[in-house]
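Take a look at the structure below.
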Amino acid sequence: MRYSEMFLPTGREIPSDAEIVSHWLMIRAGMIRKLTSGIYSYLPLGFRVIKKVEQIVREEMNRAGAQEVFLPAVQPAELWQESGRWQQYGKELLRFRDRQDRECCLGPTHEEVITDLVRNDVKTYRQLPRNLYQIQTKFRDEVRPRFGIMRCKEFSMKDAYSFDVDEKGAEISYEKMFEAYSRIFSRCGLKFRAVEADTGNIGGSFSHEFMVMADTGEDALVFCSSCDYAANVEKAEVSMPEKKAVDESAFSPLEEIHTPDVRTIEEVCAFLDVTPQDVVKTLIFLVDDSPVAVLVRGDEEINEAKLRSYLGCDSLELATDDIIYEVTDSPRGFAGPINIKSRIVADYSFVNMTNCVVGANKEDYHIKNANIGRDFKVTEFADLGLIKETDSCPRCESPLRFARGIEVGHVFKLGTKYSKAMKATYLDKDGKEKYMVMGCYGIGIGRTAAASIEQNYDDNGIIWPVSIAPFQVMITPVNIKDEALLTTAEKLYQGLMDKGIEVILDDRDERAGVKFNDADLIGIPLRITVGPKRLAEGKVEVKIRKSGEVEILSVDEAEKFIVDWVQAELKADS
RNA sequence: CGGGGCGUAGCGCAGCCUGGCAGCGCGCCUGCUUUGGGAGCAGGAUGUCGCAGGUUCAAAUCCUGCCGCCCCGACCA
């Protein structure tokens with residue numbers, strides 16, 4: 001490719017709304033442009049990177065035995081009603097009607113479509129297992145898109161779906177995908193870790209997220225310092241604290257206190273001169289249409305993902321004021337466990353609390369010295385909070401470490417969630433009808449590219465790993481009006497292309513400094529500088545972007561050096 | 001959805017408070033010089049001042065409504 005012919009608008013200045021490095025560099029490097037909030041165009045340079053990532057994904061999926069398909073982006077409501085997600089998915093699912101007034105949606109993920117496809121054409125255990133994947137545009141109507149293509153509404157995703165005869169088979173499919181994902185992200189030159197994760201909207205029993213380590217990541221991760229436990233903090237288990245023996249003689253008498261207009265934990269603490277650790281926070285949730293009171297120590301937060309999975313519910317939201325009134329006979333701010341008219345679930349943080357402050361279920365009143373057993377009963381204790389620095393590893397009790405990461409891939413064991421809802425069955429050897437056991441596996445293509453930038457850049461710009469670089473080499477004749485330089489550059493250009501190297505020739509009539517800066521900015525791994533001083537000795541310079549090392553070589557040596565270097569780099573990551 | 005900010009040339013911004021010629025830097029075009037880390041000089045082009053309405057002799061500027069974008073939170077994978 002000749003730079004002079006390429007649509008590659010690089011820039012010195014960038015829109016001030018770019019918050020993270022990858023976003024600002026992708027804009028400056030002429031890779032992407034925003035059309036509207038959360039929706040981006042890829043320019044030629046950006047699209048070359050996307051295609052590189054896709055190609056690695058294809059090769060590894062195919063190697064793992066998956067087959068590529070291409071499913072529709074527009075999907076009928078009926079399928080989503082069948083799985084139950086038409087109701088459940090919420091506003092993130094972009095819905096619309098076609099001219100026949102039929103309800104449709106733009107696919108945010110494709111479990112319904114693939115399950116429909118497979119149930120119609122797979123009838124016997126002889127046709128299983130199968131793993132089908134596609135690379136396709138997904139649409140999720142994000143509440144707040146941000147960070148460029150990192151969290152956007154329209155994005156390209158690789159999604160794969162496995163169908164097995166039983167759990168054992170599904171486990172093997174899952175492991176194959178886990179292995180393939182590890183290879184994919186290694187080949188993309190990323191430092192990553194797989195962590196246990198919540199299954200969220202997709203559902204299923206178990207999942208791992210592949211996290212690219214980066215301080216700008218949206219996810220908080222926790223790792224054990226000695227065993228290999230690693231989890232998203234949303235999922236990370238907190239061990240049940242040891243229950244201390246209850247000494248009823250230490251219970252102080254109940255005390256009802258007039259606390260006018262004192263509602264929040266901070267207000268209660270200030271008013272009663274206690275710490276948040278002394279106060280019980282009572283949150284009323286509406287869980288599949290019935291209220292549930294959740295107790296947590298005042299300094300802790302409820303992790304809704306954990307609560308959702310503990311309760312095994314379809315819908316979960318904080319209760320409205322009417323519901324709170326029904327359950328507590330009082331307005332918001334005075335709920336407590338004593339005589340509350342709902343099911344009670346308590347977080348582990350509550351286990352050893354004594355003489356605590358609770359709402360009185362009476363407007364403008366709180367109660368001091370409330371004690372479990374004497375004043376109210378709690379039968380359900382669960383892990384509903386967020387893991388903290390002071391907690392220890394749930395597997396081995398060792399100290400924990402925290403880090404941030406970018407979720408680039410997610411693998412799920414779905415079980416029979418979709419096959420049951422949508423009746424995807426097969427006949428086994430004994431002629432018995434059984435549900436297929438499914439798994440699903442996603443990779444954010446654009447996000448993977450952006451994550452690579454978050455890990456590989458310097459003050460001058462992007463530093464692509466060779467495997468996903470838009471070009472492997474850039475040739476920079478320092479002055480194209482000097483015929484000898486241009487001739488040599490052209491010769492190298494042809495020679496390298498003949499050897500299968502991806503080359504961009506900077507044949508623009510620009511000063512050397514401009515060309516060097518653009519080469520660094522767009523992050524091409526190798527740059528050949530063709531300049532008058534070296535050429536007088538028959539030599540050119542090859543500069544390695546990531547290390548800054550320079551080799552002075554003849555044209556033939558340079559070609560060989562480059563071919564070898566590129567091969568070695570590609571091998572190193574695979 | 002709540003809170004905050006912004007919207008003026010392709011990009012980054014000033015001007016708005018206190019109404020009165022539409023500005024600056026970068027980029028772009030032409031010419032000359034220059035040519036190994038974002039060149040210099042000279043000349044030039046480019047605006048629905050987000051949209052609509054109102055106040056006024058006069059609105060980028062004041063008022064009202066709407067739209068868009070960004071940040072924080074809520075929500076959501």
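No hydrogens, no waters, no symmetry mates; every other heavy atom, side chains included, goes into these values. Not measured: the values here are computed from a predicted model. Lettering of chains follows the sequences in order, A, B, ..., and the numbering in each one begins at 1.
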Here the distance between atom C1' of B:C72 and atom CZ of A:F147, to the nearest Å, is 11 Å
Between [N] and [M], how far is it from one [atom1] atom to the other, in whole Å?
{"N": "B:G53", "M": "B:A39", "atom1": "P", "value": "47 Å"}
{"N": "B:C1", "M": "B:A14", "atom1": "C1'", "value": "35 Å"}
{"N": "B:A59", "M": "B:C72", "atom1": "P", "value": "39 Å"}
{"N": "B:C32", "M": "B:G23", "atom1": "C1'", "value": "29 Å"}
{"N": "B:G10", "M": "B:U35", "atom1": "P", "value": "35 Å"}

Just the table, please: protein N/O against nucleotides 40-47 of chain B N/O, every pair under 3.5 Å.
none

Residues two or more places apart in sequence or in another chain: which of them pass salt bridge (charged side-chain N to carboxylate O under 4.0 Å, His left out) with [X]?
{"X": "A:D116", "answer": "A:R119"}
{"X": "A:K491", "answer": "none"}
{"X": "A:R545", "answer": "A:D458, A:D520"}
{"X": "A:E557", "answer": "none"}

Of all the choices, B:A77, B:C71, B:G38, which nucleotide is nearest to the side chain of A:E209 once you look at every atom?
B:A77
Closest of B:C75, B:C70, B:A77 to the A:S37 side chain is B:C70
Chi angles and distances behind the side-chain contact (heavy atoms from CB on, under 4.5 Å) call for A:E196, A:N232:
CA-CA 6 Å; A:E196 293 181 15; A:N232 192 311; over 6 Å; no
Tell me whether the side-chain N or O atoms of A:K543 pair up with the base of B:G37 as donor and acceptor below 3.5 Å, since no angle test is needed here.
yes
Whether the side chain of A:R144 and the base of B:G2 hold a donor-acceptor pair under 3.5 Å is what I'd like checked.
no
Could you tell me whether A:K306 and A:D383 have a side-chain N and a carboxylate O separated by less than 4.0 Å?
yes
Base partner of [N], which must satisfy Watson-Crick or wobble distances under 3.5 Å:
{"N": "B:C16", "value": "none"}
{"N": "B:A74", "value": "none"}
{"N": "B:G53", "value": "B:C63"}

Name each donor-acceptor pair under 3.5 Å that joins a side chain in residues 30-42 of chain A to protein atoms two or more places apart or in another chain, with its distance.
unit_1 : atom_1 : unit_2 : atom_2 : d
A:R33  : NH1    : A:I27  : O      : 2.9
A:R33  : NH2    : A:P9   : O      : 3.0
A:Y40  : OH     : A:H23  : NE2    : 3.3

Going by side chain to side chain contact (heavy atoms under 4.5 Å, CB included), name the residues that satisfy it together with A:A421, two or more places apart in sequence or in a different chain.
none
Looking at RNA chain B, which of residues 133-143 of chain A put a heavy atom within less than 4.0 Å of it?
A:R140, A:V143
For residues 531-543 of chain A, run the donor-acceptor check on the side chains, cut-off 3.5 Å, and write out each pair with its distance to 0.1 Å, sequence neighbours left out.
unit_1 : atom_1 : unit_2 : atom_2 : d
A:R534 : NE     : A:E541 : OE2    : 3.1

Could you check whether any side-chain heavy atom of A:K481 comes within less than 4.5 Å of a side-chain heavy atom of A:D509, counting everything from C-beta outward?
yes
Name each donor-acceptor pair under 3.5 Å that joins a side chain in residues 402-409 of chain A to protein atoms two or more places apart or in another chain, with its distance.
unit_1 : atom_1 : unit_2 : atom_2 : d
A:R404 : NE     : A:G217 : O      : 2.9
A:R404 : NH2    : A:G217 : O      : 3.4
A:R404 : NH2    : A:E218 : O      : 3.2
A:E407 : OE2    : A:H410 : ND1    : 3.1

Can A:D347 and A:S349 be counted as having a side-chain donor-acceptor contact under 3.5 angstrom?
yes
Pairs under 3.5 Å (N/O, protein and nucleotides 33-36 of chain B):
unit_1 : atom_1 : unit_2 : atom_2 : d
B:U34  : O2     : A:R511 : NH1    : 2.9
B:G36  : O6     : A:G531 : N      : 3.3
B:G36  : N1     : A:E541 : OE2    : 3.1
B:G36  : N2     : A:E541 : OE1    : 2.6
B:G36  : N2     : A:E541 : OE2    : 3.1

Pull out every protein N or O sitting under 3.5 Å from an N or O of nucleotides 5-12 of chain B, one pair per line with the distance.
unit_1 : atom_1 : unit_2 : atom_2 : d
B:C11  : O2     : A:E13  : OE1    : 3.3

